[in-house]
Amino acid sequence: MPGAEVTATAPTAAEAVRTPVEPASAEPASAEPASAEPASAEPASAEPASAEPASAEPASGAPLRPPAGPGARGRTGLLVTFVLGGLTATTPLAMDMYLPALPEVTGSLHASAATVQLTLTACLAGMALGQLVVGPMSDRWGRRRPLLTGLAVYVVATVLCALAPTVGLLVAFRLVQGLAGAAGIVIARAVVRDLYDGMAMARFFSTLMLISGVAPVVAPLIGGQILRVTDWRGVFVVLTALGIALTALVWTKLPETLPPAERHGGGVGEALRAMRGLLADRVFAGYMLTGGFTFAALFAYVAASPFVIQEIHGASPQTFSLLFGANSVGLVVAGQINGKLLVGRVALEKVLATGLTLVVLAATALLVMSTGLLGTVGLAPVAAALFVLMSAMGLALPNTQALALMRVRQAAGSASALLGTSSFLIGAVASPLVGIAGEHTAVPMAVVQLAAALVAVACFVGLCRPRRPGHTTNGKAADS
């Protein structure tokens, strides 16, 4: 899940092209280390963005162009929005639909809870490493070709997961599934950067959160119902069918958004230099790490909640699915409050700080309850604390992505890859830690969540320095 982000209804991709692009938040990150002086905010051209939504011959690979007629514009923009939402939903679908089956997998493959949780870790690690490859590839060859290749491999890997005879092979196939699924995550963010800038980008990230947020709501519910009629392998059969449908939709409906003139012809060396330049930007690195450790707190919940809710508190897979869906609704609603009401009225840094504070408070409450300091605690207060923690993610994650990408005008694929890779790698480390003390205690989950949240706060305050004079107060970076 992941996963991120307003004063008016979020614009469609076509609407963003119809209006002048807002001033860029900062100079583009180049291969050279970022200067220590504040980045100048050069206004973007008043002409429409080069990547414009189109309906004509989307499968040809030609850059997105405006269709004829206002009505067609709205329909095409809305369709592109839903395709991008579907791509960002690939991760929560692959992770969350599988969650109710985790206890069953331990028995079916005769493995421990910690070993089965490695299937989540492998998928996350694959998504992290895959983004490092796919992001620069999309800057060089455009968005469509790497995306379609990744989706095709994702479908094959998902079929193999359904057929895995041992937990070791399941871990290996989940790794490949994650490597291929990374294409949808990183390229969706890069396409958003192709089409939007400034506040419009923050709004669109919140729109994507609304669409992709449906996936973690329905995925555990679907997974729980699948387990009523079949075993955990049936979950991967359904994921295969969804992967095929998404591949067909991308092939026919998502045109190219990166014109050939804006692509980078360099190889691996140039990509590495671009990433080095991004990492040398202290503020970009600060938002990247803030988002990464916040995501670790979220994924500690994803990895441990099936055992905490089902094994410790005795809930059924269906009850777990309902609670997980409710928490996902909280995340989506908070994201829409961020996008529709707060962006443009409240500085993005303030909203981010509020989200981080709520995560810390919720994790602290979970730690107190899990250690028994309040005596025996039932499922209701634990579920309430998890709801607050997940809802706070809707304020934190979209804004870390938007604030980081506001500092990038070119090499959006590489920047998106760094953001995604850091989140998934840190999340992959958090996954096995939550099961280190077995499946009958929630203490490791709460400890990992609180530690990750505190590190995220430290990165935000220490590297982004939101309270320093000259730092952004309206969502546009001013201090590098």
Side-chain angles (χ1 to χ4, degrees), residues 1-5 25-26 28-29 34 84 87-88 90-92 124-139 143 146 178 181-197 201-202 204-206 208-209 212 271-272 274-299 335 348-349 352 355-356 393 396-430 452 455-456 459-460 463-464 475 477 480:
M1 310 174 357
E5 255 159 266
S25 60
L84 295 176
L87 291 173
T88 59
T90 301
T91 302
L124 272 183
M127 289 176 181
L129 298 175
Q131 290 183 70
L132 285 178
V133 176
V134 177
M137 284 174 60
S138 71
D139 285 335
R143 311 303 185 199
I185 305 166
V186 67
I187 291 178
R189 276 196 304 262
V191 169
V192 173
R193 190 62 183 96
D194 291 340
L195 298 175
Y196 294 99
D197 199 2
M201 181 167 56
F204 196 84
F205 273 125
S206 284
L208 284 188
M209 177 166 287
S212 63
L272 292 176
M275 290 183 179
R276 183 183 63 187
L278 291 168
L279 292 174
D281 181 346
R282 171 179 50 78
V283 179
F284 177 90
Y287 287 125
M288 180 187 73
L289 292 173
T290 300
F293 282 100
T294 303
F295 185 83
L298 183 151
F299 196 72
L348 297 187
E349 296 87 347
L352 173 56
L356 292 175
M393 298 292 172
L397 292 178
N399 290 324
T400 57
Q401 293 182 13
L403 287 165
L405 287 174
M406 280 179 186
R407 304 187 66 81
V408 181
R409 292 288 303 271
Q410 296 175 348
S414 297
S416 177
L418 286 175
L419 292 173
T421 296
S422 61
S423 294
F424 285 112
L425 279 180
I426 298 172
V429 172
V455 173
C459 292
F460 177 55
L463 295 176
C464 304
S480 63

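Counting from 1, the numbers follow the sequence of the chain as shown. Just so it is clear, the values below take in all heavy atoms, side chains as well, and ignore hydrogens, waters and symmetry mates.
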Do [X] and [Y] have side-chain heavy atoms sitting under 4.5 Å apart?
X	Y	result
M275	P136	yes
L352	Y287	yes
L419	F284	yes
V455	C459	yes

What's the shortest heavy-atom distance between [X] and [Y], and which atoms?
X	Y	value
T88	A188	CG2-CB, 3.6 Å
S423	F295	O-CD2, 3.2 Å
G130	A182	C-CB, 3.6 Å
V186	V134	CG1-CG1, 3.7 Å

Taking side-chain hydrogen bond (donor to acceptor under 3.5 Å, both in side chains) as the definition, give me every residue that meets it alongside T290, ordered by chain and number, with sequence neighbours left out.
none
I187 vs L87, test: side chain to side chain contact (heavy atoms under 4.5 Å, CB included). Steps then yes/no.
CA-CA 8 Å; I187 291 178; L87 291 173; 5.5 Å; no
What do the steps show when you test L405 against V192 for side chain to side chain contact (heavy atoms under 4.5 Å, CB included), and what is the final call?
CA-CA 10 Å; L405 287 174; V192 173; over 6 Å; no
Taking side-chain contact (heavy atoms from CB on, under 4.5 Å) as the test, write out the residues that go with T421, two or more places apart.
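Testing T421 for side-chain contact (heavy atoms from CB on, under 4.5 Å), a comparison that skips the adjacent residues, returns A128, Q131, L132, L425.
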[atom1]/[X] to [atom2]/[Y] distance, rounded to the nearest 0.5 angstrom?
X	Y	atom1	atom2	answer
T294	F460	OG1	CZ	10.0 Å
L278	L418	CG	CG	6.0 Å
M127	T90	CE	OG1	7.5 Å

